[in-house]
Number of protein chains: 2
Amino acid sequence: MTDIDGQRLMIKVARLYHTHEMRQTDIAKRLQISQSRVSRLLAQAEDASIVRTVVAVPQHVHAELEERVESIYGLSEVHIVDAVSDDDAELAKDLAYTMAALLHDVAFEVRTIAVTSWSKTLRLMIDVMLPMRTRCKHVVETLGDLGPPALQHDTARSTQHFAALTGAQPVFLRTPGVAASREMKELLLSSDPHAQKALEMLDSVDLVLVGIGADKIDPDLRPGDNFFTHEQFAHVRELGAVGEVCLHFLDADGNPIDSELEDLVVGITREQLKSARHRWAVAGGARKHRAIRAAVAGGWIDTLVTDAATAQFLVESAPPAPQAAQGTTPAKGNARRRTAASKA
Amino acid sequence: MTDIDGQRLMIKVARLYHTHEMRQTDIAKRLQISQSRVSRLLAQAEDASIVRTVVAVPQHVHAELEERVESIYGLSEVHIVDAVSDDDAELAKDLAYTMAALLHDVAFEVRTIAVTSWSKTLRLMIDVMLPMRTRCKHVVETLGDLGPPALQHDTARSTQHFAALTGAQPVFLRTPGVAASREMKELLLSSDPHAQKALEMLDSVDLVLVGIGADKIDPDLRPGDNFFTHEQFAHVRELGAVGEVCLHFLDADGNPIDSELEDLVVGITREQLKSARHRWAVAGGARKHRAIRAAVAGGWIDTLVTDAATAQFLVESAPPAPQAAQGTTPAKGNARRRTAASKA
DNA sequence: GCAGATTGTAAATATTTATTCTACACCGCT
DNA sequence: AGCGGTGTAGAATAAATATTTACAATCTGC
């Protein structure tokens with residue numbers, strides 16, 4: 001009772017303040033409470049994400065650059081945020097907000113979404129998303145558990161939260177993401193019907209959300225601890241790896257690198273990834289430039305959210321030989337433009 | 001140049017403030033400008049609706065009442081806002097925000113939307129909408145011009161704005177909405193191919209947005225001035241009218257009232273209205289109770305956004321004889337529930 | 001080229017909002 | 001009943017934000 005009542009008061013205050021634009025003192029007078037209480041209720045509403053402020057970038061500021069990247073690499077959409085700085089943490093936040101906004105109004109029908117919640121940026125995105133009404137039925141994890149238990153917990157929570165936001169059922173992959181050996185992987189899977197089911201669901205995915213990893217080990221992931229070792233990373237680097245998408249290592253041109261590591265990963269396969277109807281990646285920052293180019297050049301994704309500097313890098317580093325769309329003309333291209341809505 | 005630059009600065013400041021949660025003084029220091037400028041840029045961003053704060057009502061507070069209205073009148077969805085007060089202006093704002101939020105995540109495919117921008121609440125809704133990516137192609141007005149030129153201008157601007165927000169083409173009905181006589185109407189239409197085209201497009205509408213009018217003349221609309229006269233209103237009241245939807249007058253049970261006024265209106269026909277795939281209405285307030293009941297009882301709409309008091313009235317006033325859905329059991333019913341997303 | 005309008009600026013000030021701090025109510029426990 | 005612990009309230013106060021002011025720079029139309 002009291003909680004419901006408190007909640008309603010909070011919402012009422014939030015509405016009076018934000019949508020009716022009343023001052024806190026006036027609200028306090030009207031509701032017969034103190035101004036400090038109003039202030040506190042508002043703060044409460046804020047971090048219960050009852051109120052949310054969104055900063056809508058009106059039309060695409062970097063439209064031209066976006067189109068050039070799109071046409072060079074044959075991507076269907078590129079979204080460039082002009083980040084407030086090139087600091088990694090701040091950049092991640094900007095990318096996350098942009099991706100969230102983008103996701104929030106997907107125009108196409110989505111039944112199954114695969115999500116890589118172990119990407120830091122994607123977790124951040126999930127944190128800042130608003131609930132959305134979709135017809136999405138399932139949210140499936142793309143990879144098994146990686147890293148220390150704390151991270152696994154975050155990841156599971158993110159997946160669960162994402163599912164709640166979209167009104168879908170979460171499908172977890174609660175299995176070590178990197179097995180110690182091929183045999184170990186078989187063993188793990190054979191005894192885990194849940195994991196088998198999850199992996200099967202990755203066969204038909206409408207939208208997959210991925211991060212893009214560099215060729216170094218993320219500091220959050222202790223090497224060896226439920227993850228590849230430094231040695232294993234060094235090995236694939238020797239084979240030419242410049243980065244990875246869902247732990248599939250890629251060379252500079254985006255070709256997948258065959259190595260025994262492929263057999264150790266429990267998660268979405270190359271084929272499953274490529275067969276997803278839409279494949280969105282979010283990544284940026286100088287550290288990941290080469291990895292991102294590999295991911296787009298290899299056609300592993302079709303929509304990219306990144307920063308201006310990375311986009312610039314993608315344009316400047318000569319388009320690689322293989323499956324790039326058509327000619328090199330970076331002109332108007334085939335890409336559709338999106339809704340603009342600036343006002344007088 | 002300067003404008004673009006100013007715009008980008010504004011956005012940058014808005015992002016630093018809202019998404020990166022920096023203090024104004026820190027932003028000022030970082031960007032080498034004064035705190036007051038930061039403050040003003042933020043205000044600017046606010047009323048350019050670059051930033052928008054939304055108050056998301058978590059789960060439906062009035063879920064039970066909603067379901068009862070739904071099942072009694074056979075509506076597919078009812079959304080109740082618990083308005084901050086019963087003052088008409090404040091109520092309209094609440095209704096508008098709710099409708100906007102609702103519209104923003106329509107899950108179904110929409111190609112053509114018909115909009116009644118001469119409803120005050122709907123205009124307000126359009127003002128507070130955010131741009132949305134849809135596949136909507138056309139936004140068609142449901143009625144011709146009503147009232148004084150200033151209102152006509154507002155209406156046109158709203159329609160245009162709504163189209164811009166949805167990325168659709170606006171289709172105007174720039175013709176008097178109420179003709180002086182049947183002959184006059186014929187004459188007006190025969191010489192106006194644009195209007196003819198617009199009226200034709202109303203044949204196949206995916207979503208129509210309407211207000212609900214009481215049986216009194218709205219103060220914004222001077223009687224006679226491009227609108228019905230007091231005498232005409234009195235006449236339909238004598239015939240039993242309690243309200244209207246798109247200028248189609250209805251009796252207490254929601255049956256349409258045949259009168260010569262039907263022949264004077266240039267706008268969506270009864271048949272066109274009923275044939276629209278989805279029909280959403282927004283209205284509330286004691287003044288309109290009877291009109292709203294007529295609209296829902298007559299099956300003129302399938303989704304209603306209203307206030308708690310009105311919903312209560314709808315439940316209490318005995319369900320009318322005709323085409324109400326099934327039995328009288330106001331229990332759980334057939335209605336689906338929507339996404340909830342409350343957190344710990 | 002210059003008066004008048006417009007816009008942008010920082011500093012000072014006023015207003016609004018957040019954060020103490022203290023008091024008190026409400027548990028669960030002995 | 002009496003005793004800490006916990007949480008929430010309002011009053012006072014600190015901090016943050018908005019507005020006013022006065023002046024400088026940049027356009028605008030003659």
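Below, each value reflects all heavy atoms present in this structure, side chains not excepted, and no hydrogens, waters or symmetry copies. Each chain gets a letter, A, B and so on, in the order its sequence line appears, and its residues count up from 1.
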Side chain to side chain contact (heavy atoms under 4.5 Å, CB included) partners for B:A83, two or more places apart: B:V81, B:L91, B:D94

Considering residues at least two apart in sequence or located in another chain, which fulfil the salt bridge (Lys or Arg N to Asp or Glu O under 4.0 Å) criterion with [X]?
X      : answer
B:K93  : A:E21
A:D145 : A:R174
A:D88  : A:R287
B:R23  : none

Atom [atom1] of [X] to atom [atom2] of [N]: distance rounded to whole Å?
X     : N      : atom1 : atom2 : answer
A:E21 : C:dT17 : CD    : P     : 12 Å
A:R37 : C:dA25 : CZ    : P     : 16 Å
A:Q44 : C:dT19 : CD    : C1'   : 16 Å
A:L41 : C:dT19 : CG    : C1'   : 15 Å
A:I27 : C:dT16 : CD1   : P     : 12 Å

Residues which pass side chain to side chain donor-acceptor pair (under 3.5 Å) with B:E46, listed by chain and number, not counting sequence neighbours: none

Between the first and last five pairs of the helix from C:dG1-D:dC30 to C:dT30-D:dA1, the angle of the axes, rounded to 10 degrees: 40°

For B:H18, ring-ring contact (aromatic ring centres under 6.0 Å, His included) partners two or more places apart: none

Pair A:H79 + A:H62: ring centers closer than 6.0 Å: no

Nucleic acid footprint by protein, nucleotides 12-19 of chain D - heavy-atom cut-off 4.0 Å, B for base, S for sugar-phosphate alone: ----SSBB

